[in-house]
Amino acid sequence: MKVLEIQGGRELKGTIRISGAKNSSVALIPAAILAEDDVTICNIPEVTDTDALSEILEFLGAEVKRASESIVINPKNIENKEIPEVLSKKLRASYYFMGSLLGKFKHVEMYFPGGCSIGSRPIDLHLKGFTALGATVNVENDKYVVDAQELKGANIYLDFASVGATINIMLAAVKAKGITTIDNAAKEPEIVNVATFLNNMGAKITGAGTSRIKIVGVKELKGCFHEVIPDRIEAGTYTIAGALLGNYLKIDNIIPEHIEALTSKLIEMGVELEIGDDYLIINKGNKYKSVNIQTRVFPGFPTDLQQPFTVLMTMCNGKSTIEETIYENRFMHIPYLIKMGANITIENKKAIIKGPTPLVGCEVEATDLRAGACLVIAGLVASGTTIISNIEHILRGYENIVEKLNDVGAKIEIKEI
Ligand code: EPZ
């Protein structure tokens, strides 16, 4: 079994360069099959989630070349085969093959996707979108068969501004006949990145980044070159670590507007922060004010940073609260923070954190990706040694996390036990 061992209490100094966004990349890779020729995407992070998608591409018959951070996908020989459950269960984003295969072949067979266990995470809105475009959906034993004689543009309203449903509907609609509109669409930067990619391929999508996206169907999509945006959640994670341990820690290659909900909260707490065009520099403070956060869709405070942010709240003076409004089960990191010395209670969707409380290293478990990131930060700030198990979750989403942290002064290593 692999574990992460962290010797805590060391200051972080130097520069961390942020990788390409995992949550963009995992949509861009399946989207690439809609093209007729080679697609090159650069700045794809080397994390196990992108590896798993490349595996699905290869299973379908695409030619995939990986060279450091770029990927070249030749989708010419793709066959429309049922994606085996072992492949789709590896990650949540396998569901983007539903939209892209449906868009390309008008038929798709695959199983319910995997991903972090942070709530029930249904895909009803994705299916509602496919149905509105003219497909029929049959579900049997977790297997989805989605089929359409013809895909026709439609007006689709999403009851919740779901990231996955918005992207999946774009993928299915991009070659549909006529015009599709998605109302109450998700506005996350990853949506804009995917729409730009599809437009580079020849699609006609407008409004991405607003709550109304319009897609004029086109007959064919061609190959293109595309760049993944910086990972705002990775940037946020290291920024939070910087607020606890930074000594002029530079977080480089970021789009500051993408993490404004976080930086505003940090400023409210009294964190010393310099924000540049594509970087920020952060210093550890002595005394932070307590704050309250509510997770919201973009541009609100991202649920994916709620867990890492909890560690910072244990160091604030007084009572801080987190209200998780996106997922039903995203407090699994809390028992481990309590084990490390935090004073936290949970009341329904709210975590109440009383601080400051020093954290002490011990054995903990990463129950999901961002819970893992939270425990890494907790380990960095705690006294003594922290050992994190189940680190596969962390490696799904953070490229070179060990190297990046050691380079700025942390003491962290992967050990086989
Ligand atoms: C994406 O998940 C991200 N994953 C998540 O990142 C992120 O937490 C989430 O967006 C919100 O920002 C990927 O991009 C691969 P949603 P997604 O559809 O698309 C409900 C991470 O740590 N819902 O916006 O699955 C759903 O249950 C991860 O990197 C429905 O009810 O998120 C959830 O409560 C975890 N029906 C809420 O909406 C649906 O059909 C948000 O889901 C779809 C969603």
Side-chain angles (χ1 to χ4, degrees), residues 18-28 31 43 45 92-93 95-96 99 115-116 118-119 121 123 125-126 129 156-171 181-199 205-215 227-240 251 253-268 275 278 280 291-309 322-328 330 349 369-370 373 397:
I18 297 307
S19 302
K22 178 208 78 126
N23 286 346
S24 264
S25 304
V26 296
L28 296 169
N43 212 20
R92 183 81 186 157
Y95 62 23
Y96 290 131
C116 291
I118 48 182
R121 307 185 81 184
I123 57 167
L125 299 172
H126 305 229
I156 298 164
Y157 172 80
L158 296 179
D159 298 317
F160 180 85
S162 152
V163 172
T166 302
I167 294 179
N168 242 339
I169 294 168
M170 286 199 299
L171 298 178
T181 51
I182 310 174
D183 279 308
N184 198 27
K187 294 184 279 193
E188 271 68 3
E190 293 75 22
I191 309 277
V192 180
N193 202 214
V194 174
T196 308
F197 177 55
L198 293 167
N199 284 343
I205 303 174
T206 50
T210 74
S211 48
R212 176 163 236 241
I213 297 179
K214 181 175 164 192
I215 305 152
E227 192 169 347
V228 183
I229 52 170
D231 194 312
R232 63 194 169 99
I233 306 302
E234 188 199 16
T237 303
Y238 292 129
T239 300
I240 292 167
I251 313 294
N253 188 38
I254 62 168
I255 299 177
E257 299 76 48
H258 290 179
I259 53 167
E260 228 166 63
L262 171 67
T263 49
S264 305
K265 275 291 157 192
L266 293 176
I267 291 164
E268 190 184 325
I275 303 176
D278 62 352
L280 65 81
V291 288
N292 301 320
I293 61 166
Q294 264 186 351
T295 61
R296 292 280 172 205
V297 295
F298 190 81
F301 194 96
T303 169
D304 296 347
L305 284 178
Q306 173 263 108
Q307 292 159 294
F309 200 80
I322 299 174
E323 197 183 339
E324 172 57 59
T325 74
I326 309 290
Y327 294 111
E328 313 94 60
R330 218 175 194 184
K349 289 170 163 189
L369 169 60
R370 308 303 170 186

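In this chain, residues are counted from 1 in sequence order.
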Query raised in the report: Can you name the nearest heavy-atom pair linking Thr166 to Ala186, along with the distance?
Result: OG1-N, 3.0 Å
Query - Stepwise side chain to side chain contact (heavy atoms under 4.5 Å, CB included) check, Asn23 with Asp304 - result: CA-CA 11 Å; Asn23 286 346; Asp304 296 347; 3.7 Å; yes
Query raised in the report: Who are the salt bridge (Lys or Arg N to Asp or Glu O under 4.0 Å) partners of Asp278, not counting sequence neighbours?
Result: none
Query raised in the report: Closest heavy-atom contact between Ser25 and Val228?
Result: OG-CG1, 3.5 Å
Query - Interatomic distance, Ile254 atom CD1 to Ile259 atom CD1 [nearest 0.5 angstrom] - result: 4.0 Å
Query raised in the report: Given side chains that start at C-beta, do those of Ile191 and Met170 come closer than 4.5 Å, heavy atoms only?
Result: yes
Query raised in the report: Where do Leu28 and Asn193 come nearest, in terms of heavy atoms and distance?
Result: CD1-OD1, 3.8 Å
Report summary line: Hits for salt bridge (Lys or Arg N to Asp or Glu O under 4.0 Å) against Arg212, two or more places apart or cross-chain, chain-then-number order -> Asp183
Query raised in the report: Which of these, Ile118, Ile233, Thr303, sits in a side-chain contact (heavy atoms from CB on, under 4.5 Å) with Arg370?
Result: Ile233
Query raised in the report: Who pairs with Glu328 by side chain to side chain donor-acceptor pair (under 3.5 Å), at least two apart in sequence or on another chain?
Result: Ser120
Query - Close side-chain approach of Arg121 to Cys116, heavy-atom, < 4.5 Å - result: yes
**Report entry** From CA spacing to verdict: side chain to side chain contact (heavy atoms under 4.5 Å, CB included), Val291, Phe309
**Finding:** CA-CA 11 Å; Val291 288; Phe309 200 80; 4.0 Å; yes
Query raised in the report: Any side-chain heavy-atom pair from Ile123 and Asn168 closer than 4.5 angstrom?
Result: no
Query - Rounded distance [0.5 Å steps], OG in Ser24 versus CD in Glu227 - result: 11.0 Å
Requested in this report: I would like to know whether Phe160 and Leu158 meet side chain to side chain contact (heavy atoms under 4.5 Å, CB included); could you show each step before the answer?
Outcome: CA-CA 5 Å; Phe160 180 85; Leu158 296 179; over 6 Å; no
Report summary line: side-chain hydrogen bond (donor to acceptor under 3.5 Å, both in side chains) test vs Glu324 passes for just one of Arg330, Gln307, Gln306, Gln294, namely Gln306
**Report entry** Stepwise side chain to side chain contact (heavy atoms under 4.5 Å, CB included) check, Leu198 with Ile215
**Finding:** CA-CA 11 Å; Leu198 293 167; Ile215 305 152; over 6 Å; no
Report summary line: Heavy-atom closest pair (Leu171 atom, Ala31 atom, distance to 0.1 Å) is CD2-CB, 3.6 Å
Query raised in the report: If you take all heavy atoms of Ala161 and Val297, which pair is closest and at what distance?
Result: O-CG1, 4.1 Å
Query raised in the report: So, the side chain of Lys187 versus the backbone of Val192: is there a donor-acceptor pair under 3.5 Å, distance only?
Result: no
**Report entry** Taking every non-hydrogen atom, the tightest pair across Ala27 and Val194
**Finding:** CB-CG2, 3.7 Å
Requested in this report: Could you check whether the rings of His126 and Tyr95 sit parallel, tilted or perpendicular, using 30° and 60° as the cut-offs?
Outcome: tilted
